[in-house]
There are 2 protein chains.
Amino acid sequence: MKKKPLILVTNDDGISAPGIRALISVMKEIGDVVVVAPDSPQSATGHSITIYNTLYINKVNIDDDVEQEYSCSGTPVDSVKFAVKEILKRKPDLCVSGVNHGSNSSINVIYSGTMSAAVEAGMEGIPAIGFSLLDYDWNADFEPSKPFIKKIAKQVLEQGLPKGVILNVNLPKLPEKDIKGIKICRQANAMWEERFDKRTNPHGREYYWLTGEFVNMDDGEDTDEWALAHGYVSVVPVQYDLTAYHAMQQLNSWKLNS
Amino acid sequence: MKKKPLILVTNDDGISAPGIRALISVMKEIGDVVVVAPDSPQSATGHSITIYNTLYINKVNIDDDVEQEYSCSGTPVDSVKFAVKEILKRKPDLCVSGVNHGSNSSINVIYSGTMSAAVEAGMEGIPAIGFSLLDYDWNADFEPSKPFIKKIAKQVLEQGLPKGVILNVNLPKLPEKDIKGIKICRQANAMWEERFDKRTNPHGREYYWLTGEFVNMDDGEDTDEWALAHGYVSVVPVQYDLTAYHAMQQLNSWKLNS
């Protein structure tokens, strides 16, 4: 009998978020599941790690059918590091992060704790995928996403991923019958046009809330934004070698050593 | 008379760190300087932003010769966003971040608040550079780095940078006369081999410190690690389009829609 794959599940919305529960329910159908996730919401913490503070880890039991479940007082990336070094007996066959409550398409990938957790797993040589649903609601409906999540996770388990590559999967907020399929995409050239909302606290001191509008500046039909706007699940392969190789020749033409 | 360039200075070690003071002293020689930096150390916060908490901004006056100086209760990326949207009257000609107390070479770029601040400025279309000295000491000697910082900053002001490209500059801990020059490099394939140091707090509860060893797995002579180990200043062009274009063909061969 073939051994079941070992799957590490994490997220950035916290271990009790409905999104991670949806992801666990799909992973239980295809493997043995270990969950290590932050004990509180950690959205937009990027690739942050906890080096100036202590970490507390708690064994928890939210879902009866998983092998082990732990909450971590740190960030999503801390959770992956702790899982790999302290909890898991062997390197997992797959790490999945999410399902995030809200989009991690285009430039959001860089702020995303969900994706940073997946990238950290990828850096450890574990095939890894981040999943995000385009619905920020805590009570979002994850059911339509499940068949797509299962299909992509199974493909990664079967085929593996190229070294240094992690998948960023975003799922449109649509009924299953209206989702047109899965598209391999590039990251759209988009950004946040920030605003700072200035207020005064009860003690008379000014403070700010960071807020803003998402602006897509990319009209390409090969982007994740295009795919999502047209009813597709977007899959962007991302990498942690950030070197802009195309810029090296130009920089080498500078006279930096004269 | 030619107008002096407007230079935004930030960091992740906090506004009172000696590293940012060294950077400010160099930038004052080439432009008008505005400083917006975190009010406390923010190392390893990556591209984290503050969306669930309030931000406090304080006008401070640490250095008499700069145009304006502000401390920010948030992260390095928050500081850049606030500077660009709320403080600066026009888009700066350059953003410099650092000088970081410690290396941001190879994979450290992904955890680095210093580099994330520079990347955020790059995303805003501002030519941007992160500077880091390979010395974690608070009282590190930044003097030998200054001529190299000045040379690189002036080149970027003169030549600009390709769209979407930010410079990650690391400086060896060497006397100026022993620094061999400046090398354009790629990010070395290296990683952290983490350990979790388990302790018990005074109340009997177990906690952990994240620690680890840096492991360079790359023997290429074109990497930042090689350059630094051989007495060069390393310059890696980095990008925020994380798409792994080379992996797209392979993923497209998967049967995801059948």
Side-chain angles (χ1 to χ4, degrees), chain A residues 41 43-52 54-57 78 81-82 85-86 107 109-111 116 119 123 151-152 155 159 161-162 164-165 181-182 184 186-187 189 191 194-196 205 207-210 235-248 250-252 254 256-257, chain B residues 41 43-52 54-57 78 81-82 85-86 107 109-111 116 119 123 151-152 155 159 161-162 164-165 181-182 184 186-187 189 191 194-196 205 207-210 235-248 250-252 254 256-257:
Chain A
S43 292
T45 54
H47 217 97
S48 189
I49 53 174
T50 306
I51 54 173
Y52 292 137
T54 54
L55 288 170
Y56 287 91
I57 311 292
D78 292 332
K81 286 183 187 288
F82 195 86
K85 300 295 170 183
E86 294 284 327
I107 198 63
V109 66
I110 217 164
Y111 301 100
S116 293
V119 168
M123 283 156 54
K151 186 174 258 184
I152 295 167
Q155 279 284 313
Q159 316 259 3
L161 282 173
V165 172
I182 301 171
I184 311 300
R186 65 173 172 86
Q187 173 185 326
N189 177 24
M191 67 179 294
E194 287 87 4
R195 275 188 315 108
F196 287 86
R205 194 168 160 206
Y207 67 94
Y208 296 85
W209 285 104
L210 171 56
V235 178
V236 177
V238 305
Q239 59 189 2
Y240 49 83
D241 178 356
L242 307 189
T243 311
Y245 289 96
H246 67 279
M248 294 181 82
Q250 183 177 337
L251 295 179
N252 271 317
W254 291 5
L256 286 168
N257 292 305
Chain B
S43 292
T45 53
H47 217 96
S48 189
I49 52 173
T50 305
I51 53 172
Y52 291 137
T54 54
L55 288 170
Y56 287 89
I57 311 292
D78 291 332
K81 286 183 187 287
F82 195 85
K85 300 295 170 183
E86 294 285 326
I107 198 63
V109 66
I110 218 164
Y111 301 102
S116 293
V119 168
M123 283 157 54
K151 186 173 260 183
I152 295 167
Q155 278 285 313
Q159 316 260 3
L161 282 173
V165 171
I182 300 171
I184 310 300
R186 65 173 172 86
Q187 174 184 327
N189 177 24
M191 65 179 294
E194 286 88 5
R195 275 188 316 106
F196 286 86
R205 193 169 160 207
Y207 67 95
Y208 297 85
W209 285 104
L210 171 57
V235 178
V236 177
V238 306
Q239 59 191 2
Y240 50 82
D241 178 356
L242 307 188
T243 311
Y245 289 96
H246 67 278
M248 293 181 82
Q250 184 177 336
L251 295 180
N252 271 317
W254 291 6
L256 285 169
N257 292 308

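In what follows, every chain begins at residue 1, and chains take the letters A, B, ... in the order their sequences are listed.
Between B/V165 and A/A247 the shortest heavy-atom distance is CG2-CB, 3.9 Å. Minimum interatomic distance between B/Q187 and A/L242 (heavy atoms only, all atoms of both residues): OE1-N, 2.8 Å. The nearest pair of heavy atoms linking A/I184 to B/N252 is CG1-OD1, 3.3 Å. The two residues B/L210 and A/L55 come nearest to each other via the heavy atoms CB-CD1, 4.4 Å. Listed here is the closest heavy atom pair of B/R186 and A/M248: N-CE, 3.6 Å. Contact record, A/W209 with B/I51: CZ3-O, 3.9 Å, taken as the closest heavy-atom pair.
Interface check for chain B: of the options A/W254, A/Y52, A/Y240, the most heavy-atom pairs under 4.5 Å are formed by A/W254. Interface check for chain B: of the options A/I57, A/T50, A/I107, A/D78, the most heavy-atom pairs under 4.5 Å are formed by A/I107. Contact count versus chain B (heavy atoms, under 4.5 Å) is highest, among A/S43, A/P41, A/G164, A/S116, for A/S43.
With a threshold of 4.5 angstrom between heavy atoms, B/E86 approaches chain A through side-chain atoms but not through N, CA, C or O. Heavy-atom distances place the side chain of B/K85, and not its backbone, under 4.5 Å from chain A. Contacts of B/M191 with chain A are made by side-chain atoms alone, with heavy-atom separations under 4.5 Å and no backbone atom involved. Heavy atoms closer than 4.5 Å to chain A are found in both the backbone and the side chain of B/E194.
A/Q250 contributes atom CD, which lies 8.0 Å from atom CG of B/L161 (distance to the nearest 0.5 angstrom). Distance check, rounded to the nearest 0.5 Å: NE2 of A/H47 to OG1 of B/T45 gives 12.0 Å.
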- Message: As a quick check of understanding, evaluate side-chain contact (heavy atoms from CB on, under 4.5 Å) for A/N189 and B/D241, giving each step before the final call.
- Response: CA-CA 8 Å; A/N189 177 24; B/D241 178 356; over 6 Å; no
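Relative ring orientation between B/F196 and A/F82 is described as perpendicular, the plane-to-plane angle rising above 60° on a 0-90° scale split at 30° and 60°.
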